[in-house]
Amino acid sequence: MVLRTHYSGDIIPEMDGTEVTLAGWAHEVRDLGGICFLVLRDREGLAQVTLVAKKVDRDLLEKVRHLSRESVLLVRGRVKQEAKAPRGYEIIPSQIEVLNVAASPLPMDPTGKVGADLDTRLDSRFIDLRRAPVLAVFRIEGEVLRSFREFFGENGFLEVCTPKVVATATEGGTALFPITYFEREAFLNQSPQLYKQMLMSAGLDRVFEIGPIFRAEEHDTRRHLNEAISIDVEVSFADEADVMALLEEAVAKAYRDVAERCEKDLVALGIDLTVPKTPFKRVTYTEALKIANDGRAVEIEWGDDLDTEAEKAVGSAIGEHYFMTEWPTAIKPYYTLPFEDRPEISRGFDLMHPSMELASGAQRVHDPDLLAEKIRRQGLDPDGFEFYLKAFRFGMPPHAGWGLGLGRVVLTMLGLENIRDAVLFPRDRRRLVP
RNA sequence: GUCCGGAUAGUGUAGAGGCCUAUCAUGAAGCCCUGUCGAGGCUUCGACCCGGGUUCGACUCCCGGUCCGGGCGCCA
């Protein structure tokens, strides 16, 4: 039972005379007395329904005049070519069915005439999303996901799903959300890292997963959330250079696909999208440190992580996407492989947008003894990682991979101000609903 | 966690101790209007975050709380 025959966007003036049924929301009613305009909105846009008082059924006109905004409607009528109407056509209705009445007043203005704070918008996200520029963000996000899946398909990747309820911390460091799992304690997964690596031992060769990750950090910024979508990749018989090349091509393709396929949404957002050129610049940690420390009061010492100020300084110096490579081994996780001839430096990398980190990845440790030792050195108990280490003892190929934050890709691509603008229902320190 | 700023009709805002019976816009209800496209005109409705204090008098100043925004921290 599909009620509508067309979306508003499907109708063109040349369809003059065609009977159509539109379904959507009462966006606005403009009553001029002798003529009354009802603007119907659906996912694809707006359609003007015109009622001329002298020509239309009196009850129909009264019904439209007293419609509450955002009520759900079914409009049957005829397309009429009309130069005076928006987009050159209007609908002359024969029947208007109110499927559900919207209460009044609305918790926020869906037309965008009056603004709303982010907090108000998130509390009423279902109405916020009725605004074209807000919807545009998520249509683009959908296209980004489609683009990545296409890219992975073209490159021989297998899509996998790994558990989100896990027994142990993946990597230590970050705080985890504990949950009750029958009589035991379990955690929400902070990353699919361990599982995608085990799949390399299994021989799946190239896998990707797009799924949620959870971090119980009490961070409170515009670029962090406690639940995020991670695009994760792992590739066997490959090194960090190989997976960096995959990453930059995947990101560039996402930009290209959005630029080509989301024209309407980009216009709604007022964005002229520039596709980043590949290959991205490679900047070593040591070079980045030099840039960051230039003119800085308190210099960052080699071996320390870059703080926000440093990240921004390097970002504005480079001015485009870049890879930061050759990180100190000590500040990368245990599964990151050090260079054999310079063990203090690792084969880990971060993909950076000038404003923030987007992804991190590495050539992984594949030797079980070295891995166990590095787990121990990070202050973790190798016993808790037995299920993981086991996969390394019976034929683990060399492998590399990365994890990319979907929200941050969309945030930086569209120049949004807050990661919450790039997530339908964000989860942060305080927000658990809706 | 910490620093800075904020909280006024459904929404977005003005307000600097008495001018506040609180501004404007939007909205809602009603009326007028035959081409609107952020329609226009008229009438009506609707609000000072919570607790304490200062003062003759507090939306306004002070203290505490809650919540919101931003910076930093935390985040492999």
Side-chain angles (χ1 to χ4, degrees), chain A residues 27-39 45-56 61 65-70 80 82-90 102-124 127-128 131 169-176 190-191 193-194 213-226 228 305-312 327-336 346 348-350 356-357 359-362 364 374-375 378-380 402-403 405 408 417-418 420 428-431:
Chain A
H27 188 66
E28 276 181 312
V29 176
R30 279 193 283 273
D31 182 7
L32 277 65
I35 190 165
C36 179
F37 302 103
L38 160 67
V39 180
L46 304 172
Q48 175 169 290
V49 180
T50 302
L51 299 92
V52 177
K54 280 184 191 165
K55 295 183 183 169
V56 80
L61 183 62
R65 279 180 170 158
H66 294 101
L67 266 180
S68 64
R69 292 199 314 160
E70 297 302 311
K80 184 186 169 206
E82 175 55 71
K84 283 181 278 189
R87 301 223 309 276
Y89 79 87
E90 61 193 13
S104 182
L106 298 163
M108 60 175 285
D109 174 22
T111 69
K113 274 187 273 190
V114 180
D117 291 340
L118 180 60
D119 197 48
T120 306
R121 292 173 44 214
L122 291 176
D123 280 343
S124 299
I127 292 189
D128 186 42
R131 297 161 65 164
T170 307
E171 305 160 28
T174 196
L176 302 181
Q190 71 181 92
S191 151
Q193 183 64 30
L194 273 38
I213 57 172
F214 303 91
R215 311 225 164 153
E217 295 298 331
E218 299 201 359
H219 34 46
D220 185 14
T221 78
R222 293 192 284 173
R223 55 191 189 282
H224 292 276
L225 289 173
N226 297 292
D305 211 346
L306 272 63
D307 60 19
T308 307
E309 186 191 338
E311 214 171 71
K312 283 179 182 162
W327 285 81
T329 302
I331 53 172
K332 281 289 170 188
Y334 57 82
Y335 50 75
T336 308
S346 78
F349 62 86
D350 282 2
M356 70 187 77
E357 177 189 335
S360 70
R364 320 296 192 188
K374 283 174 67 69
I375 287 173
Q378 203 136 328
L380 299 166
W402 43 260
R408 287 191 176 187
E417 304 218 314
N418 194 310
R420 290 158 183 81
D428 62 31
R429 178 69 182 87
R430 295 205 182 76
R431 184 174 285 279

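Worth saying up front: this structure is predicted, and the values here are computed from it rather than measured.
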Could you tell me the separation between the [atom1] atom of [X] and the [atom2] atom of [N], rounded to a whole number of Å?
X      : N      : atom1 : atom2 : result
A:R131 : B:rG12 : CZ    : P     : 10 Å
A:K54  : B:rU34 : NZ    : C1'   : 8 Å
A:E218 : B:rG73 : CD    : C1'   : 12 Å
A:I331 : B:rC74 : CD1   : C1'   : 15 Å
A:E217 : B:rC74 : CD    : C1'   : 6 Å
A:F37  : B:rG40 : CZ    : P     : 14 Å
A:Q190 : B:rC74 : CD    : P     : 17 Å
A:H224 : B:rC75 : NE2   : P     : 10 Å

Going 5' to 3' through nucleotides 67-72 of chain B, assign each nucleotide B (protein heavy atom under 4.0 Å from a base atom), S (under 4.0 Å only from sugar-phosphate atoms) or - (no protein heavy atom that close).
-S-SSB

Using purine N1 to pyrimidine N3 plus N6-O4 or O6-N4 for Watson-Crick, or N1-O2 and O6-N3 for G-U wobble, both under 3.5 Å, which nucleotide pairs with [N]?
N      : value
B:rU13 : none
B:rC59 : none
B:rC37 : none
B:rA28 : B:rU44
B:rC49 : B:rG65
B:rG1  : B:rC72

Only counting residues at least two apart or in another chain, list the ones meeting side-chain hydrogen bond (donor to acceptor under 3.5 Å, both in side chains) with [X].
X      : value
A:E311 : none
A:K312 : none
A:S360 : none

Output yes when a side-chain donor or acceptor of [X] lies under 3.5 Å from a complementary backbone atom of [Y], and no otherwise.
X      : Y      : answer
A:E90  : A:Q48  : no
A:T336 : A:P333 : yes
A:D128 : A:L122 : no

[N] to [M] separation - [atom1] atoms, rounded to the nearest Å:
N      : M      : atom1 : result
B:rG38 : B:rC56 : C1'   : 49 Å
B:rG71 : B:rU55 : C1'   : 37 Å
B:rG18 : B:rG57 : C1'   : 7 Å
B:rA58 : B:rC19 : P     : 11 Å
B:rG65 : B:rU44 : P     : 44 Å
B:rA14 : B:rC59 : C1'   : 12 Å
B:rC4  : B:rG40 : C1'   : 45 Å
B:rU54 : B:rA7  : P     : 24 Å

[X]: partners by salt bridge (Lys or Arg N to Asp or Glu O under 4.0 Å), with sequence neighbours left out:
X      : result
A:R364 : A:E234
A:R65  : A:D31, A:E62
A:D305 : none
A:D307 : A:R296

Grab the N/O contacts between the protein and nucleotides 23-32 of chain B below 3.5 Å, and write none if there aren't any.
unit_1, atom_1, unit_2, atom_2, d
B:rG27, OP1, A:K113, NZ, 3.4

Under 4.0 Å, heavy atoms only, any strand: does A:P86 hit a base, just the sugar-phosphate, or nothing?
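Base contact.
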
How is A:A85 classified with respect to the nucleic acid when contacts are heavy atoms under 4.0 Å: base, sugar-phosphate, or nothing?
base

Strictly under 3.5 Å: I want the nitrogen or oxygen pairs between protein and nucleotides 43-45 of chain B, one per line.
none

Minimum-distance pair of heavy atoms, taken over all atoms of A:A175 and A:E217
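Nearest heavy atoms, A:A175 then A:E217: N-OE2, 2.8 Å.
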
Taking only residues two or more places apart in sequence, or in another chain, which ones meet A:H224 in a ring pair (Phe, Tyr, Trp, His ring centres under 6.0 Å)?
A:H219

For A:W327, check ring pair (Phe, Tyr, Trp, His ring centres under 6.0 Å) against everything at least two apart and list the hits.
A:Y285

